[in-house]
Number of protein chains: 2
Amino acid sequence: MPTILDVARRAGVSKSLVSMVTRGEGGVSEEKRRAILEAIDELDYRPNAMARGLVQRQTRILGVMISDLQNPFFGAVISGIQERAEERGFRVLITTGDRTPSVEESAMENLLELRVDGLILASPRVGDEAIAHAGRSVPVVVLNRDTNDDSSDSVTNDNIAGARLAVEHLVSFGHRRIAFIEGGVGAGARIRREGYLRAMRDFGLEEEIVTVEGRHTEEGGHQGAMELLKMRVLPTAVFASNDLCAIGAMTAFEEAGLSIPDDLSLVGYDNNRMAALRHISLTTIDQPGGDMGRSAVERLLERIDGDRTEPSHDVVSPSLVVRSTTGPPRFEAKA
Amino acid sequence: MPTILDVARRAGVSKSLVSMVTRGEGGVSEEKRRAILEAIDELDYRPNAMARGLVQRQTRILGVMISDLQNPFFGAVISGIQERAEERGFRVLITTGDRTPSVEESAMENLLELRVDGLILASPRVGDEAIAHAGRSVPVVVLNRDTNDDSSDSVTNDNIAGARLAVEHLVSFGHRRIAFIEGGVGAGARIRREGYLRAMRDFGLEEEIVTVEGRHTEEGGHQGAMELLKMRVLPTAVFASNDLCAIGAMTAFEEAGLSIPDDLSLVGYDNNRMAALRHISLTTIDQPGGDMGRSAVERLLERIDGDRTEPSHDVVSPSLVVRSTTGPPRFEAKA
DNA sequence: TGTTCCTTTTGGAACGTTCCAAAATATAGC
DNA sequence: GCTATATTTTGGAACGTTCCAAAAGGAACA
């Protein structure tokens with residue numbers, strides 16, 4: 001593989017001049033510039049980003065760790081990240097953690113060893129200490145998980161408000177027995193659960209609280225729904241911690257012969273593209289993934305440029321998207 | 001940020017010993033090893049992958065360029081890649097091209113400048129020459145696109161056979177007027193189109209051939225379907241070049257008041273997780289994404305290890321998955 | 001013909017590792 | 001206690017860039 005010295009030799013100039021050309025720096029005579037460009041082309045030269053990064057002590061790369069690439073919600077997030085990063089002259093490198101803390105941790109470590117200039121963690125499931133640890137060496141923005149420490153910035157949607165929106169919507173139809181399918185630990189899951197609990201209490205439905213696990217996956221949602229189906233008295237509505245979960249639950253309920261929303265209302269969270277499909281048409285809480293991705297990049301760049309040293313915690317507002325999976329309960333609530 | 005020298009100083013040893021420890025090399029006394037590990041911990045030292053890669057002239061990183069991260073099919077592909085790579089001690093770094101050739105090209109370039117040891121291109125839309133160019137500097141495996149040159153390996157499903165499976169299935173129901181929604185240039189799209197054309201001819205349906213564009217996206221599929229709806233005589237069946245497309249088309253057809261499969265049968269391609277959702281239940285052609293990802297890694301490692309220099313072109317067999325969007329045509333075919 | 005001031009070009013040091021040959025130390029055998 | 005050998009440790013060179021101070025050329029002017 002050719003190096004900058006090969007190019008210099010071929011073009012009959014010093015390596016420094018070649019470096020100036022590849023970096024797009026001015027002050028190179030037209031003649032030499034042309035000769036260098038030609039040599040680069042002939043030799044198929046490509047600058048070595050490692051050597052460059054080593055001496056510049058920065059890479060202009062933003063690392064993104066996505067907990068679950070199978071969840072289409074993150075597609076939107078990445079698009080937003082990519083778009084804004086490109087505008088600002090940064091590259092984006094993605095790794096994924098397969099929803100497993102240990103895999104996530106090594107995915108983050110990879111990025112850090114590469115010396116990315118900033119790190120975005122999308123719904124990470126790793127422990128707080130791992131995040132804080134990363135935050136000590138590089139600016140970190142956590143997406144959709146409320147970090148309690150100030151070692152990193154965060155961009156979240158207001159999960160408490162979102163959960164409330166969901167419960168409120170169901171209550172407005174007259175539902176009282178509203179179950180919740182949880183999203184496991186990490187991510188915004190814990191907070192959504194908290195939001196559900198609070199909303200239920202606020203509406204005086206403390207005794208109706210029922211929660212089962214759903215792991216933020218389709219399979220998890222399916223299992224959670226099965227668990228609900230085993231109860232002697234079924235809920236009239238179910239709120240799932242994310243859309244994937246909700247869709248898995250939907251399948252389970254219909255397999256059991258229930259009709260949605262006639263027998264049971266269902267609300268998801270995320271508003272991913274599956275939820276919007278006409279055939280799914282899931283009522284859900286929208287969080288603007290693309291915007292959140294863009295904000296994350298901006299928070300990161302503020303830190304990288306040294307414009308800000310105070311932690312920042314952006315909160316975007318979720319909104320209710322009513323589709324076809326919610327309606328009044330079949331039997332009047334006992335009131 | 002601490003360097004290996006800081007660690008060495010703190011532990012009272014030479015940098016070489018520290019290096020041996022971080023690389024897990026043997027032959028270090030227990031005493032020194034412990035002291036070094038402790039120093040690493042105290043200083044929060046993390047080896048610099050760039051410096052390491054520079055001298056080792058390899059990174060043990062596999063680069064993956066995914067044309068469309070929004071398409072859930074690639075989630076499965078990445079899982080397969082990741083799994084196998086990890087088994088073999090390689091790391092995976094992902095970039096995405098947002099379905100745009102120029103973005104894809106720079107995403108590839110990023111990875112090459114980082115000197116990844118191998119490159120996987122998943123359904124790239126860039127030109128052949130860009131792929132060949134990359135193939136000159138590093139082993140490349142192209143997924144789901146038949147490369148005609150031998151500068152890279154490929155792993156594809158048999159798109160011709162898959163398309164035939166789809167047409168055959170529809171013909172077996174008595175359909176004759178079977179339209180095709182194309183997937184644009186690049187990817188396996190061109191070949192699927194070819195497969196459709198060939199199958200139609202083989203079944204003596206040459207005059208019934210109708211194709212519209214669908215760009216392998218939901219929106220594209222929707223538009224393609226709208227175009228079909230404008231025709232004076234509607235097809236009784238539609239075969240879409242991928243599931244995303246098919247789902248977009250499904251929406252359009254139902255918005256126009258058509259009932260699937262009663263008024264119109266629909267077949268997709270990929271068998272992505274959306275297609276499997278009970279509510280979509282799309283008849284489709286399955287291609288095993290996870291397996292293809294795993295194979296891609298294996299082909300790459302053969303090249304990296306120098307076990308093989310001859311180009312390899314794996315072809316996996318697609319299979320028909322019959323679900324609920326296909327049935328007999330409403331009116332008997334004119335025969 | 002010098003002198004001054006630009007513009008263009010250059011070579012060496014640095015970045016943080018690994019590799020390797022050689023040095024230092026420990027162990028064994030007599 | 002000495003040699004031979006095995007184990008552990010070390011310092012310097014290399015990897016391919018960028019940065020920077022300084023050198024080399026050119027143009028303008030007296």
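So that the names make sense, note that chain A is the first sequence line, chain B the second, and so on, each numbered from 1. When reading the values below, keep in mind they use all heavy atoms of this one structure, side chains included, and skip hydrogens, waters and symmetry mates.
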Inter- and intrachain pairs under salt bridge (Lys or Arg N to Asp or Glu O under 4.0 Å), touching residues 71-82 of chain B, at least two apart: none
Pairs involving residues 54-77 of chain A, ordered by first then second residue, that meet salt bridge (Lys or Arg N to Asp or Glu O under 4.0 Å) (sequence neighbours left out): A:Asp68-A:Arg99
Test salt bridge (Lys or Arg N to Asp or Glu O under 4.0 Å) applied to B:Glu105 - qualifying residues, sequence neighbours left out: none
Between [options], which one does the side chain of [X] approach most closely?
| X | options | answer |
| --- | --- | --- |
| A:Ile4 | C:dT18, D:dT18, D:dT9 | D:dT18 |
| B:Val28 | D:dG16, C:dG16, D:dT9 | D:dT9 |
| A:Leu54 | D:dG16, C:dT10, C:dT9 | D:dG16 |

[N] [atom2] sits how many Å from [X] [atom1], rounded?
| X | N | atom1 | atom2 | answer |
| --- | --- | --- | --- | --- |
| A:Leu5 | D:dT17 | CG | C1' | 9 Å |
| B:Asp6 | C:dC15 | CG | P | 11 Å |
| B:Arg115 | D:dG16 | CZ | P | 9 Å |
| A:Arg9 | C:dG11 | CZ | C1' | 15 Å |
| B:Arg52 | D:dA14 | CZ | C1' | 17 Å |
| B:Glu113 | D:dT18 | CD | C1' | 15 Å |
| A:Met1 | D:dA14 | CE | P | 22 Å |

Regarding [X] and [Y], do their side chains bring together a donor and an acceptor under 3.5 Å, going by distance alone?
| X | Y | result |
| --- | --- | --- |
| A:Arg23 | A:Ser19 | yes |
| B:Asn159 | B:Gln287 | no |
| B:Gln70 | B:Asp98 | no |

Residue met sooner reading DNA chain D from 5', once A:Asn48 and B:Leu17 are mapped to nucleotides: B:Leu17
DNA chain D: 5'-proximal contact among B:Met20 and A:Ala51 (nearest heavy atom): B:Met20
Residue A:Glu302 excluded, over 12 heavy atoms near CD under 6.0 Å: yes
Neighbour count >12 (heavy atoms, 6.0 Å) for atom CD, B:Glu31: no
Stretch residues 35-46 of chain B: residues that reach within less than 4.0 Å of DNA chain D through a heavy atom: none
Distance test, side-chain N/O of B:Arg57 to OP1/OP2 of C:dT18, below 4.0 Å: no
N or O in side chain of B:Ser14 less than 4.0 angstrom from D:dT10 OP1/OP2: yes
Residue list, side chain to side chain contact (heavy atoms under 4.5 Å, CB included) with B:Arg294, at least two apart or on another chain: B:Glu83, B:Arg84, B:Asp291
Protein-nucleic acid N or O pairs under 3.5 Å, nucleotides 19-24 of chain C:
unit_1, atom_1, unit_2, atom_2, d
C:dC19, OP2, B:Arg23, NH1, 2.8
C:dC19, N4, B:Ser16, OG, 3.4

